[in-house]
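Contents: one structure, followed by commentary.
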Amino acid sequence: MSTLSAVLTDLIRAAATAAGHADAPVPLDPCVPTNDSRHGDYQSNFAFRLGKALRTNPRAVAESIVAHIPENDIIAKAEVAGPGFVNLTLADAWLAQNVLENSDVAAATPQIGADKTVVIDFSSPNVAKRMHVGHLRSTVIGNALARLHRFCGYTVVSDNHIGDWGTQFGMLIAAWGTDRNDDAYAADPVAELQRLYQDYKKRIADDSELLDIARAETAKLQAGDPASRALWEEFVRVSLDEYGRMYDRLGVTFDVTLGESFYNPVLAELVSGLLERGIAEVDDGAVIVRFTNDDGKGLGKNPLLIRKSDGASLYGTTDLATIDYRQKTWGPDRVLYVTDVRQQLHFRQLFAAAKKIGWDNDFQHVWFGMLRLPGGEVAATRSGVGETLSSVLDTAVAHARTVVDGKSGDLPEDERAAIAEAVGIGAILYTDLSQNPQTDITFEWDKMLALEGNTAPYLMYALARIRSIFRKVGVTVAPGPIQFTDPVERELAILVRRTPVVIGQACENFRPNFLAEHLFQVANTFASFYGQCPVIVDDADLRASRLALCNVTAEALTAGLRLLGLTPLERM
RNA sequence: GCGCGGUUAGCUCAGCUGGAUAGAGCGCUGGCCUCCGAAGCCAGAGGUCACAGGUUCGAUUCCUGUAUCGCGCGCCA
């Protein structure tokens, strides 16, 4: 379905043609929403561009455009303002009808990704370590992008590229044999694995013999020793179990979980092949892919390392093998990597290397800013800094629970628990998603736990109020044709109608916050509407109209919340 | 040194391909629950969009430079 902007832009194009401006060598400016209702609903700024190309006064051009707008029932008023703005006001009847016809957000969203496949690589925690707040951004943003792409028609492959291979497993296996606490492992396996690893690593500093033991264990594992292999599989399994519980709570799903180990068997061949083709070279005992500054700004001094001088592979090697596998398996048209800003150079190198090899694609490093703790430190397992993800979620849910109990103590216990889960976790997700991903963010409890203002519960609350109205009037009362009796009703209708456009923009720009911002506006405008336009009134036509407005608003909010990974609620 | 990014209200942040008087939340001041859910609404105070040039009819937005902060730059991921 066409957007309001597209419908109006078509009319302006027709008017410009009728006015004799058709051969002007300029692209048509699309009509855009006004930011002040006194200037109508939409405006065209085409006359400025056209006036310049024709060396004519833009105001005169604007007047000729307005004079030549074809007969239609869409535009109620078109007038020239200022130096050449064309302000357009939609006809109430047409707008009302159009909003009703497009109330199904999914059906109204342009399928820009039809026939296209996108692989989205996100979250990617390291096995045998607990997830902490630092994992939140990649997981939450990646999930929203996966949902947005799917909604826009893309075939999506969400891939959790876990860190399940590497020298840390030698240490872990060595420590497991001598230091493990079976009770602790039974209670919380991943926590115990993390403790074993961290303790062992500390002790290696004073005892080089431990390092040798770990190396020997790593070698055994890589040689395929059955006992080592079984342990490794166990570690991966318990880790994935725990991550799975986190993902369930966060509303995150993956189509595949193919970690680093999956690619391990092909790495040696990959490197030797690149050496043979002359794409890679030996340098200082290591194997690198060298670039010039033509391959990318500043890359001349930054080769990609794909084999260490001791023969071991690196994550650049694995990432190349991963690209190859994905191309052959899914043939994606676009590949998204959702990681933090610090990996920018790595991905520029990786993409440049892929291009040299002949695996070019629409690779996108969707980077996000640092998550800092209040002290300024970066959350990381290594430094032991930061809360575990699980405890952060629990704290948020517990806080939400006290609020739910206070405000809705009459609801059944299990429903209050479910509401608290949705509200508490939603608050955390929304805090992240409502911000530009590239902005650094400081972890602050007050911000994460907030349930008022521009927060997830605010959006959910607007929806719950609408549901409450429908419960009150009963399902037998059908929403009817929309009539506009108050400016806020028009404002709400136009805003809701823009939802599919915003979804497309959020998707194509990798910016979930565009959608979050829009949903806040919808909820905010609905709240004004709710305050000044009673829905359950005696006038049957008016009631049907307002119910219809409630209904399309609910459709938009529900779709939008789901796209962000939030849970729409009937009551809260 | 090179590369990337930031600098917008007291605080935390939006600002979509340049458009008319720069927005939101929190905090602050004042109002609104015998009326569909006050996790809400209405009103108000609060900004030299870091600075200097440039392009343009028009710049918070694009370009150049400066200041300042953050991140990254060969055997970790």
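Every chain is numbered from 1, with letters handed out A, B, ... down the list of sequences.
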Secondary structure of RNA chain B in dot-bracket form (Watson-Crick or G-U wobble, distances below 3.5 Å, | marking inter-strand pairs): (((((((..((((.....[...)))).(((((.......))))).....(((((..]....))))))))))))....
[X], nearest nucleotide to its side chain (from [options]):
{"X": "A:Val535", "options": "B:G5, B:U12, B:C36", "result": "B:C36"}
{"X": "A:Ser528", "options": "B:G37, B:C41, B:G74", "result": "B:C41"}
{"X": "A:Asp440", "options": "B:G70, B:A20, B:A39", "result": "B:G70"}
{"X": "A:Tyr461", "options": "B:G72, B:A39, B:C75", "result": "B:A39"}
{"X": "A:Thr439", "options": "B:G19, B:C36, B:A14", "result": "B:A14"}
{"X": "A:Ala464", "options": "B:C75, B:G37, B:C41", "result": "B:G37"}
{"X": "A:Gln435", "options": "B:A20, B:C13, B:G40", "result": "B:C13"}
{"X": "A:Arg511", "options": "B:G5, B:G37, B:G15", "result": "B:G15"}
{"X": "A:Ser468", "options": "B:C73, B:G37, B:A20", "result": "B:G37"}
{"X": "A:Arg372", "options": "B:A39, B:C36, B:G70", "result": "B:G70"}

To the nearest Å, give me how far apart [atom1] ([X]) and [atom2] ([N]) are.
{"X": "A:Lys297", "N": "B:C4", "atom1": "NZ", "atom2": "P", "result": "4 Å"}
{"X": "A:Asn513", "N": "B:A24", "atom1": "CG", "atom2": "P", "result": "17 Å"}
{"X": "A:Ile162", "N": "B:A77", "atom1": "CD1", "atom2": "P", "result": "15 Å"}
{"X": "A:Gln532", "N": "B:C36", "atom1": "CD", "atom2": "P", "result": "16 Å"}
{"X": "A:Phe529", "N": "B:C36", "atom1": "CZ", "atom2": "C1'", "result": "10 Å"}
{"X": "A:Asn524", "N": "B:G25", "atom1": "CG", "atom2": "P", "result": "7 Å"}
{"X": "A:Ile441", "N": "B:U12", "atom1": "CD1", "atom2": "P", "result": "13 Å"}
{"X": "A:Leu88", "N": "B:G19", "atom1": "CG", "atom2": "P", "result": "17 Å"}

Students often get this wrong, so: under 4.0 angstrom with heavy atoms, is [X] touching a base, only sugar-phosphate, or nothing?
{"X": "A:Phe48", "value": "base"}
{"X": "A:Met572", "value": "base"}
{"X": "A:Pro58", "value": "nothing"}
{"X": "A:Tyr315", "value": "base"}
{"X": "A:Gly453", "value": "sugar-phosphate"}

Say you pick atom [atom1] in [N] and the same atom in [M]; how far apart are they, in whole Å?
{"N": "B:U56", "M": "B:C13", "atom1": "C1'", "answer": "30 Å"}
{"N": "B:C49", "M": "B:U8", "atom1": "C1'", "answer": "4 Å"}
{"N": "B:A22", "M": "B:G47", "atom1": "P", "answer": "12 Å"}
{"N": "B:C33", "M": "B:A39", "atom1": "P", "answer": "15 Å"}
{"N": "B:C51", "M": "B:A59", "atom1": "P", "answer": "15 Å"}
{"N": "B:U29", "M": "B:G46", "atom1": "C1'", "answer": "12 Å"}
{"N": "B:G27", "M": "B:U12", "atom1": "C1'", "answer": "11 Å"}
{"N": "B:U48", "M": "B:A38", "atom1": "P", "answer": "38 Å"}

Are the ring of A:Phe85 and the six-membered base ring of B:A20 within the stacking cut-offs of under 5.5 Å and under 30°?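 Taking the rule of under 5.5 Å and under 30°, the ring of A:Phe85 does stack on B:A20.
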Quick test of the criterion, 5.5 Å between centres and less than 30° between planes. Is A:His346 stacked on B:A77 or not?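 Here the ring of A:His346 and the base of B:A77 are not stacked, as the 5.5 Å and 30° limits are not both satisfied.
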Base orientation of B:C33, syn vs anti, 90° cut from 0: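 You should classify B:C33 as syn.
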Base [N] paired with [X] side chain (donor-acceptor, <3.5 Å):
{"X": "A:Asp340", "N": "B:A77", "answer": "no"}
{"X": "A:Glu517", "N": "B:A24", "answer": "no"}
{"X": "A:Arg49", "N": "B:U56", "answer": "no"}

Would one find a side-chain N or O of [X] under 4.0 angstrom from OP1 or OP2 of [N]?
{"X": "A:Lys308", "N": "B:G74", "value": "no"}
{"X": "A:Asn454", "N": "B:C26", "value": "no"}
{"X": "A:Asn436", "N": "B:C13", "value": "no"}
{"X": "A:Lys447", "N": "B:G25", "value": "no"}
{"X": "A:Lys472", "N": "B:C36", "value": "no"}
{"X": "A:Tyr530", "N": "B:C35", "value": "no"}

Check: A:Thr395 and A:Trp445 side chains under 4.5 Å, non-hydrogen atoms: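 Yes, their side chains come closer than 4.5 Å.
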Pair A:Arg401-A:Asp405, salt bridge (charged side-chain N to carboxylate O under 4.0 Å, His left out): steps then yes or no: CA-CA 6 Å; A:Arg401 180 59 196 261; A:Asp405 288 347; 2.8 Å; yes
Indicate the ring-plane relationship of A:Tyr337 and A:Phe363, choosing parallel, tilted or perpendicular according to the 30° and 60° boundaries.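 The rings of A:Tyr337 and A:Phe363 sit tilted, inter-plane angle from 30° to 60°.
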Evaluate the ring planes of A:Phe48 and A:Phe85, with Trp represented by its six-membered ring, and classify them as parallel (under 30°), tilted (30 to 60°) or perpendicular (over 60°).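 A:Phe48 vs A:Phe85 ring planes: perpendicular.
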May I have the list of side-chain donor-acceptor pairs in residues 424-431 of chain A shorter than 3.5 Å, sequence neighbours left out?
{"unit_1": "A:Tyr430", "atom_1": "OH", "unit_2": "A:Asn454", "atom_2": "OD1", "d": "2.6"}
{"unit_1": "A:Tyr430", "atom_1": "OH", "unit_2": "A:Ala516", "atom_2": "O", "d": "3.4"}
{"unit_1": "A:Thr431", "atom_1": "OG1", "unit_2": "A:Ala427", "atom_2": "O", "d": "2.7"}

Check side-chain contact (heavy atoms from CB on, under 4.5 Å) between A:Arg59 and all other residues, then give those that pass, not counting sequence neighbours.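 Counting only residues at least two positions away or on another chain, A:Arg59 forms a side-chain contact (heavy atoms from CB on, under 4.5 Å) with A:Asn57, A:Glu63, A:Val80.
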Would you mind writing out the side-chain donor-acceptor pairs for residues 456-472 of chain A within the sub-3.5 Å range, not counting sequence neighbours?
{"unit_1": "A:Tyr458", "atom_1": "OH", "unit_2": "A:Asn524", "atom_2": "ND2", "d": "2.9"}
{"unit_1": "A:Arg467", "atom_1": "NE", "unit_2": "A:Glu570", "atom_2": "OE2", "d": "3.3"}
{"unit_1": "A:Arg471", "atom_1": "NH1", "unit_2": "A:Glu570", "atom_2": "O", "d": "3.3"}

Mind running a 4.0 Å heavy-atom check of residues 280-289 of chain A against RNA chain B and sending the residues that fall below it, in number order?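 Of all residues in residues 280-289 of chain A, the ones placing a heavy atom under 4.0 Å from RNA chain B are A:Asp283, A:Asp284, A:Ala286, A:Ile288.
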Under the rule for side chain to side chain donor-acceptor pair (under 3.5 Å), what residues qualify as partners of A:Arg571, not counting sequence neighbours?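 So A:Arg571 forms a side chain to side chain donor-acceptor pair (under 3.5 Å) with A:Glu415.
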Between A:Gln43 and A:Ala523, which is nearer to the 5' end of RNA chain B once each is assigned its nearest nucleotide?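 Its nearest nucleotide being more 5', the pick is A:Gln43.
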For a salt bridge (charged side-chain N to carboxylate O under 4.0 Å, His left out) check, start with the C-alpha distance between A:Arg137 and A:Asp340, then their side-chain angles and the critical distance, and finish with the verdict. CA-CA 8 Å; A:Arg137 299 207 80 186; A:Asp340 75 48; over 6 Å; no
